[in-house]
Amino acid sequence: MEFKEAVKIALQSLWANKLRSILTLLGVVIGVASVIAVVTLVNGANTYVTTKFSSYGADVFTVSKMPQIITSSEDYQRYQKRKNVLYSDFLYVKENCKRCVGIGAQQATTGTIVRGTQSVTDTQIRGYTWQMPSLQNLNIEQGRGFTEADEERASNVAIIGTDIQDHMFPGQNPLGQELRVDGTPYTIIGISEKQGSTFGQSQDNWVGVPLTSYQKNYGTQKSVTIYVKAGSAGLILDDAADEVRVLMRSQRHDLPGVPDSFELDTNNTLVGFFSTITNSVGAVAGGIALISLVVGGIVIMNIMLVSVTERTREIGIRKALGARPKDILMQFLIESGTMALVGGAFGVIGGIIVAQVITVVAGFPSTVAFWSVLAGLFMATSTGIFFGVYPARKAAQLDPIVALRAD
């Protein structure tokens, strides 16, 4: 029997029992859809985090009181006891670091923005040194960024995110206009590019002011985060980080042999940690999804055994007319493989749709990986063929005389 003819007969058999075929596919559809959805969401999260952290540059690292990722309450309590990283620490490193290509500092809090009768609450107020926007690769679409003179004079000027522009200046040009940040008037000099939302939270609801102006209103004793640009990754970054660590320990009087009283984080550390977490979650969720796929395969095997029983006489007739055992084997394997492949295709489509719905509703990033689509189809087809082997062999080994006697 030719392969094309076997495929045709297999498809006719599946079409003749449409409802049974659809019910048989459900397990495969659910399993593949779950795998595709998990992989798409995990891949999207990893891509987003890698892009966001890499936007700072692979040659940028931070110095802060507490690490950006804390995994236990005990660690949090221990880090809380550290001395704050102060603006004076930043100035000391800035003046003495020889390997630092760029250096800036940032503080942040949450406040209220008011313009006339309009107000926006829960806005992030950022205190920036003049180099910070460039260190974070924050593009200013309109107007200008801060200058060294703005920082030295503690000027009341501000850069705003697009949410502030949309809510408080609809259809207007905000440049040169005034708004109040927690009661203090600032003149808008720049508007940043749109950042979008992450995990359902907007990244554009913020106002940036010079750090010296920020500290006039919120105090000078709160901890700052220092950003350092080394100029290149690898050994150059390591050398710059070592120099900054020595300067910080000297400035903060850390005794020899005592752990650092501050945290030095690189982008690779943060990206690697997040990738480990998401991959672990993805592995667990993927394992659970694979169980559905196995269940779907078992259902296929049971249905194919029923099909062999129902079509025993047909098999006997075909063998009497010259069909070889391998022809019968191929026909039933094609039927089980086709069912699984069709189920896999619907599962891929369903998984992508589920991931996109989660992205729209919850703002969770998702990225469809082409390899995951191929893997899903391969897994589904392999499952169908694997669980179809036993029924196919049973059909192929039927004695034609016994098969012809079947009712």
Residues at least two apart in sequence or cross-chain that pass salt bridge (charged side-chain N to carboxylate O under 4.0 Å, His left out) with D89, listed by chain then number, are R252

Do the non-hydrogen side-chain atoms of [X] and [Y] ever get within less than 4.5 Å of each other?
| X | Y | value |
| --- | --- | --- |
| F387 | V294 | yes |
| Q215 | L211 | yes |
| Q195 | T162 | no |
| V85 | T225 | no |
| V63 | V244 | yes |
| D166 | D204 | no |
| D260 | M248 | no |
| L86 | Q221 | yes |

Y218 meets the ring pair (Phe, Tyr, Trp, His ring centres under 6.0 Å) criterion, sequence neighbours left out, with Y214

Applied to residues 88-175, the disulfide (SG to SG under 2.5 Å) test, sequence neighbours excluded, yields C97-C100

Residue pairs meeting disulfide (SG to SG under 2.5 Å), one or both in residues 129-161, sequence neighbours left out, come to none

All N/O donor-acceptor pairs, side-chain side in residues 376-383, below 3.5 Å, sequence neighbours left out:
residue : atom : partner : partner atom : Å
T381    : OG1  : L377    : O            : 2.9
S382    : OG   : F378    : O            : 2.7
T383    : OG1  : M379    : O            : 2.7

Residues at least two apart in sequence or cross-chain that pass side-chain contact (heavy atoms from CB on, under 4.5 Å) with I353, listed by chain then number, are I349, V357

Sequence neighbours excluded, the answer for side-chain contact (heavy atoms from CB on, under 4.5 Å) partners of R99 is D239, A240, E243

- request: Kindly say whether G384 contributes a backbone atom to a donor-acceptor pair with the side chain of S336 at under 3.5 angstrom?
  value: yes

Sorted by chain and residue number, the side chain to side chain donor-acceptor pair (under 3.5 Å) partners of R180 (sequence neighbours excluded) come out as none

Closest contact, heavy atoms only, [X] versus [Y]:
| X | Y | answer |
| --- | --- | --- |
| P174 | Q165 | CG-CG, 3.7 Å |
| V114 | S119 | CG2-CB, 4.0 Å |
| A230 | V101 | O-CG2, 3.3 Å |
| I103 | V93 | CD1-CG1, 3.5 Å |
| V28 | G344 | CG1-N, 3.8 Å |
| Q80 | K65 | O-NZ, 3.3 Å |

Taking atom [atom1] of [X] and atom [atom2] of [Y], what is their separation to the nearest 0.5 Å?
| X | Y | atom1 | atom2 | value |
| --- | --- | --- | --- | --- |
| L91 | N96 | CG | CG | 10.5 Å |
| L135 | I226 | CG | CD1 | 12.0 Å |
| M132 | R126 | CE | CZ | 9.0 Å |
| L247 | R249 | CG | CZ | 12.0 Å |
| T220 | Q107 | OG1 | CD | 8.5 Å |
| I36 | L41 | CD1 | CG | 11.0 Å |

So ring-ring contact (aromatic ring centres under 6.0 Å, His included) across residues 108-146, not counting sequence neighbours, yields none

Fill in: Full working for side chain to side chain contact (heavy atoms under 4.5 Å, CB included) between Q251 and S88
CA-CA 9 Å; Q251 170 70 2; S88 57; 4.2 Å; yes

Quick note, side chain to side chain donor-acceptor pair (under 3.5 Å) partners involving residues 145-156, not counting sequence neighbours, are Y87-E151, R144-D150, T147-D150, N156-S213

- Yes or no on side chain to side chain contact (heavy atoms under 4.5 Å, CB included) for I164 and L179, after CA distance, side-chain angles and deciding distance? CA-CA 10 Å; I164 304 301; L179 49 69; 4.0 Å; yes

| task | Apply the test side chain to side chain contact (heavy atoms under 4.5 Å, CB included) to residues Y186 and V207: give CA-CA distance (whole Å), side-chain angles for both, the deciding distance (0.1 Å), then the verdict. | result | CA-CA 10 Å; Y186 287 88; V207 172; over 6 Å; no

Does one side chain, of T123 or N205, offer a donor that lies under 3.5 Å from an acceptor on the other? yes

Residue pairs meeting salt bridge (charged side-chain N to carboxylate O under 4.0 Å, His left out), one or both in residues 76-87, sequence neighbours left out, come to D75-R78, R82-E263

Residues 390-397 side chain polar contacts: donor-acceptor under 3.5 Å, at least two apart:
none

Heavy atoms of other groups near F386 CZ, more than 12 under 6.0 Å = no

Step-by-step side chain to side chain contact (heavy atoms under 4.5 Å, CB included) determination, T338 to V342 | CA-CA 6 Å; T338 301; V342 172; 4.3 Å; yes

